[in-house]
Amino acid sequence: MHFVQCGNPGAKTVIFLHGGGLSTWNFRDEAEMLQGRFHVLLPILDGHHGSDHKFTSIEENAARMIRYIDSRFQGKVFLIAGLSLGGQVLVEMLSQRNNICEFAMIESTLALPTKATAMLVRPVFSLCYPLVKKRWYAKLQCKALHIRDSLFEDYFRDSSQIKKDDMIAFLKANAAYTVKGSLSHCCAKTLILVGGKEREIMKKSAKLLRETIQRSVLEEIPGYYHGDFSLNHPQEFSRKLLDWISDRTQ
């Protein structure tokens, strides 16, 4: 796997998993703010620009992350955070290995399958895929996704380079993902975050995750959209992360 990493390699390891169609810049500001305290890893998810592997499934992406942690960190890291598709990869990691991390932060993560959406991904996206290489279309997407203007060039560069089959594959996987029963055995102290302005299915997903993960807390952030917290408010996100850890290690 390809990573951006910063901080002290001897410090506790924190991993940030970016959202679908994004890349390591999703958590770049958080990494810069936290690198004095942690060893920070920013992986590129399968099928995204700069990745070394095609996207096959959320399950396989999670398994690859676990194998990497096994090989480099003796099977466990301090904290893993994930947004949207990255959040689903994190949820799957917690399902496959209940003690893969001590702390987890799951942001804006769909946990209820939307089968109709999954069926429509290929025909609809096949028609609009050529538009991903157009700057005007990327600007519309950024606006629709509530991505701040300063991240536009990063978004356009990386999203325009994702291969059609990969994008269809991870969009379908995102819409069809189902939470596994094994998630109930998760040992991580988990913070589940959802924006107050997100769709109702996202709020129901957050509630399902809260009910499934025993050591979890759900926080709805008023006025925030999907992914708004980590993408557009990195200082607040970093402060929340540190407070979450501090409150549970005293």
If I compare all heavy atoms of [X] with all of [Y], which pair ends up nearest, and what's the gap?
| X | Y | result |
| --- | --- | --- |
| Leu94 | Ala188 | CD2-CB, 4.1 Å |
| Gly19 | Asn26 | N-OD1, 3.0 Å |
| Ile213 | Cys186 | CG2-SG, 4.0 Å |
| Ala62 | Gln96 | CB-NE2, 3.9 Å |
| Met105 | Leu193 | CE-CD1, 3.9 Å |
| Gly20 | Leu85 | N-CB, 3.6 Å |

Are the side chains of [Y] and [X] in contact, using a 4.5 Å heavy-atom criterion?
| X | Y | answer |
| --- | --- | --- |
| Leu83 | Phe27 | yes |
| Leu231 | Arg148 | no |
| Arg135 | Glu153 | yes |
| Ile69 | Ile15 | yes |
| Val132 | Ser159 | no |
| Met93 | Leu17 | yes |
| Ser230 | Glu30 | yes |
| Leu183 | Leu209 | yes |

Inset, instruction - Would you mind listing the cluster partners of Phe156? Hydrophobic ones only (ILVMFWY), side-chain contacts under 4.5 Å, chaining allowed. - result: Phe152
Return yes if some donor-acceptor pair links the side-chain N/O of [X] with the main-chain N/O of [Y] below 3.5 Å, else return no.
| X | Y | value |
| --- | --- | --- |
| His48 | Gly21 | yes |
| Ser184 | Gly181 | yes |
| Asp158 | His49 | no |
| His185 | Asn98 | no |

N/O donor-acceptor pairs under 3.5 Å from side chains in residues 169-180, not counting sequence neighbours:
from, atom 1, to, atom 2, distance (Å)
Asn174, ND2, Gln88, OE1, 2.9
Tyr177, OH, Glu92, OE1, 2.6
Thr178, OG1, Ala176, O, 3.4
Lys180, NZ, Glu59, OE2, 2.8
Lys180, NZ, Glu92, OE1, 2.8
Lys180, NZ, Thr178, O, 3.4

Legend entry - Worked check of salt bridge (Lys or Arg N to Asp or Glu O under 4.0 Å) between Asp228 and Lys197: CA-CA 10 Å; Asp228 207 351; Lys197 291 189 175 181; over 6 Å; no
Inset, instruction - Decide yes or no on salt bridge (Lys or Arg N to Asp or Glu O under 4.0 Å) for Arg157 and Asp154, but give the supporting numbers first. - result: CA-CA 5 Å; Arg157 179 194 63 236; Asp154 294 301; 3.2 Å; yes
Inset, instruction - Identify whether Ile44 and Phe3 are in the same connected component of the hydrophobic contact network (ILVMFWY, side-chain heavy atoms under 4.5 Å). - result: no
Inset, instruction - May I ask whether Leu42 and Met33 are part of the same hydrophobic cluster, defined by side-chain heavy atoms of I, L, V, M, F, W, Y residues being less than 4.5 angstrom apart, directly or through others? - result: no
Legend entry - Charged N-O contact under 4.0 Å between Lys12 and Glu102: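 Salt bridge: no.
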Legend entry - Check ion pair Asp70-Arg67 (N to O, under 4.0 angstrom):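 Looking at Asp70 and Arg67, the cut-off is not met.
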Inset, instruction - With sequence neighbours left out, write down each residue that passes ring pair (Phe, Tyr, Trp, His ring centres under 6.0 Å) with Phe229, or none if nothing qualifies. - result: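 Scan of Phe229 (ring pair (Phe, Tyr, Trp, His ring centres under 6.0 Å), adjacent residues dropped) gives Tyr224, Phe237.
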Drop me the distance from [X]'s [atom1] to [Y]'s [atom2], to the nearest 0.5 angstrom.
| X | Y | atom1 | atom2 | value |
| --- | --- | --- | --- | --- |
| Asp149 | Lys139 | CG | NZ | 9.0 Å |
| Cys187 | Asn99 | SG | CG | 6.0 Å |
| Ile147 | Tyr155 | CD1 | OH | 5.5 Å |

Determine all donor-acceptor pairs shorter than 3.5 Å in which one atom belongs to a side chain in residues 117-129; sequence neighbours excluded.
from, atom 1, to, atom 2, distance (Å)
Ser126, OG, Arg122, O, 2.6
Tyr129, OH, Ile162, O, 2.8
Tyr129, OH, Lys164, N, 3.4

Inset, instruction - Start with the C-alpha distance between Val40 and Gln5, add both sets of side-chain angles, then the distance that settles side-chain contact (heavy atoms from CB on, under 4.5 Å), and finish with yes or no. - result: CA-CA 6 Å; Val40 183; Gln5 58 181 313; over 6 Å; no
Legend entry - Audit row: Asp52, Arg64, side-chain contact (heavy atoms from CB on, under 4.5 Å) steps and yes/no: CA-CA 12 Å; Asp52 61 350; Arg64 280 165 51 78; 3.2 Å; yes
Inset, instruction - Decide side-chain contact (heavy atoms from CB on, under 4.5 Å) for Cys101 and Val77; before the verdict, give the C-alpha distance in whole Å, the side-chain angles of both, and the deciding distance to 0.1 Å. - result: CA-CA 5 Å; Cys101 57; Val77 295; 4.1 Å; yes
Legend entry - Donor-acceptor pair between His226 and Ser84 side chains, under 3.5 angstrom: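 Yes - a donor-acceptor pair under 3.5 Å links their side chains.
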Legend entry - Residues Glu198 and Ser108: side-chain donor-acceptor under 3.5 angstrom: yes
Inset, instruction - For residues 199-210, pull every pair meeting side-chain hydrogen bond (donor to acceptor under 3.5 Å, both in side chains), keeping only residues two or more places apart or in separate chains. - result: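 Pairs touching residues 199-210 that pass the test: Arg210-Ser216.
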Inset, instruction - Pick out which of Val4, Leu41, Thr24, Leu241 makes a side chain to side chain contact (heavy atoms under 4.5 Å, CB included) with Phe16. - result: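 Answer to the side chain to side chain contact (heavy atoms under 4.5 Å, CB included) test with Phe16 among Val4, Leu41, Thr24, Leu241: Leu241.
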Inset, instruction - For residues 77-97, pull every pair meeting ring-ring contact (aromatic ring centres under 6.0 Å, His included), keeping only residues two or more places apart or in separate chains. - result: Phe38-Phe78, Phe78-Phe103
